[in-house]
Amino acid sequence: MSTTLLRTVPALRGALRASAMKPAAAMASTSFVRGKATLPDLPYDYGALEPYISGKIMELHHKKHHQTYVSGLNSALDTIAAGDPVKAAAAAPLLNFHGGGHINHSLFWENLAPASREGGGEPDGALKKAITEDFGSYETLVKQMNAALAGIQGSGWAWLVKDKTNGTLSIATRANQDPVTGSYVPLMGIDAWEHAYYLQYENRKAEYFEAIWNVINWKTVASRFEKA
Amino acid sequence: MAVTTYTLPKLPYPYDALEPSISAQIMELHHSKHHQAYVTNLNKALQSYSTAVGAGDIAAQIALQPSIRFNGGGHINHSLFWQNLAPVSSADAKPDAAPALMAHISNTWGSYDKFKSAFSAALLALQGSGWGWLVKESQGGLRIVTTKDQDPLVGGEVPVFGVDMWEHAYYLQYLNGKAAYVENIWNVINWKVAEQRYHGGPNDAFSVLKSSM
């Protein structure tokens, strides 16, 4: 679902309608009802990213945290759709936060994969060439991304992004759940919220940032790169 | 230029003293690792800043400001936080330990319960890492404020008490159930310290920092 989501950002509602949304009460009514965002299934089991990310973290992160963003997004969209401009304006930060949380996590799950399957290794092909051109090497990309992650002051994300205007790759960080928008297309994200690693790594977040490269799904990243 | 070096202040109680509201494991990591990291990185940033001042390097000074704000804020906020918590069994953890502050709270919010609801709602509405504070403004009024990340309250208001809403403050015990953490934190607020800060000025609240230099 993430590629659909990506192609249509920032047309968020359209994207959600096309992908993770199910028409509410479709059986019961023939009149149009705006669909609801729903929690996407993980493309692997909760324990599949072990030992790099524990099954317990994955389960809470997906089933509880991501679900909360989905519910918050639906509630913000309902408020905005109700048409009261004061209430809609007040819901805008909630739309950004929960909508961003839904987008970011949906992208994140798909750019991870078990180390025994597509996870880890190094990018190849056109993506590898672009990384070498824009960062010097894969090792430098890892180093820069880890430094960006460590430098986040509070909750947030780091992304490998492609600039649509000139095709170059760079690293961008976002606070809290702010989604990557504008001329940047997110190719690969790493969640630096404490809930993404704390149960396993506690305060040793640098170890989490090192470990996660073992489960990056470069196939997904390459496919996003080609479509961007 | 001589640079002040900050040190990690001792907790005024053992790591397990706030159980069951906050587990000993959380308290130990929070104090000995997280707070220590803010102190260490604040000292590093201040040392670099001093070098940049000596060299007349204004660009380097400006570049260091976010790190001073973040790590200095982290040191200030946690120092205040440890002091405004107390074991549930202690007399300090009873709201009667803050008679003048309680009267002002009731006057402002209608009742202590209404204040608690408003404060709890503000804590739960934080998007990302941050803190909630009861402050006494320079004009004397009480107000609930939330701050992001480690932003400190350094605008002349008195931080009466604060609650840490970073996930590291509760996750090992409460997981994603942050509402339960917020509910239980009320059992360990040190109302005696809150009353003292309420009667004092901003500098009195920061006395704990002076002693950690």
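Model, not experiment: these values are computed from the prediction. Sequence lines set the chain letters: A, B, ... in the order given, protein chains first and strands last, and positions in each chain run from 1.
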The interface call for B:Leu172 against chain A, heavy-atom contacts under 4.5 Å, is both
Can you tell which part of B:His168 gets under 4.5 Å to a heavy atom of chain A, answering side chain, backbone, both or neither? both
Point-to-point distance, once rounded to the nearest 0.5 Å, from CG of A:Asn203 to NE2 of B:His35: 14.0 Å
At a heavy-atom separation under 4.5 Å, does A:Leu60 approach chain B through its side chain, its backbone, both, or neither? side chain
Give, as side chain, backbone, both or neither, the part of A:His195 having an atom under 4.5 angstrom from any heavy atom of chain B. both
Nearest 0.5 Å, what's the OH-CD distance between B:Tyr171 and A:Glu202? 13.5 Å
With a 4.5 Å heavy-atom cut-off (strictly below), which parts of residues 175-185 of chain B touch chain A? List them by number. B:Leu175, B:Asn176
Non-neighbouring partners of A:Thr165 that pass side-chain hydrogen bond (donor to acceptor under 3.5 Å, both in side chains), sequence neighbours left out: A:Asp163
Flag if over 12 foreign heavy atoms under 6.0 Å of CG, A:Asn166: yes
Applying salt bridge (charged side-chain N to carboxylate O under 4.0 Å, His left out) as the test, list every pair that has at least one member in residues 47-63 of chain A; sequence neighbours left out. A:Glu59-A:Lys63
Taking atom OG of B:Ser129 and atom CD of A:Gln153, what is their separation to the nearest 0.5 Å? 11.0 Å
Using a cut-off of under 4.5 Å on heavy-atom pairs, state which of B:Lys33, B:His34, B:Gln127 scores highest against chain A. B:Gln127
Let me check something: any side-chain donor-acceptor pairs from residues 159-166 of chain B under 3.5 Å, sequence neighbours excluded? List them with distances.
residue, atom, partner, partner atom, Å
B:Asp164, OD1, B:Trp166, N, 2.9
B:Asp164, OD2, B:His30, NE2, 2.9
B:Asp164, OD2, B:His78, NE2, 3.3
B:Trp166, NE1, B:Asp149, O, 3.0

When the 4.5 angstrom heavy-atom criterion is applied to B:Gln25 and chain A, the contacting part is side chain
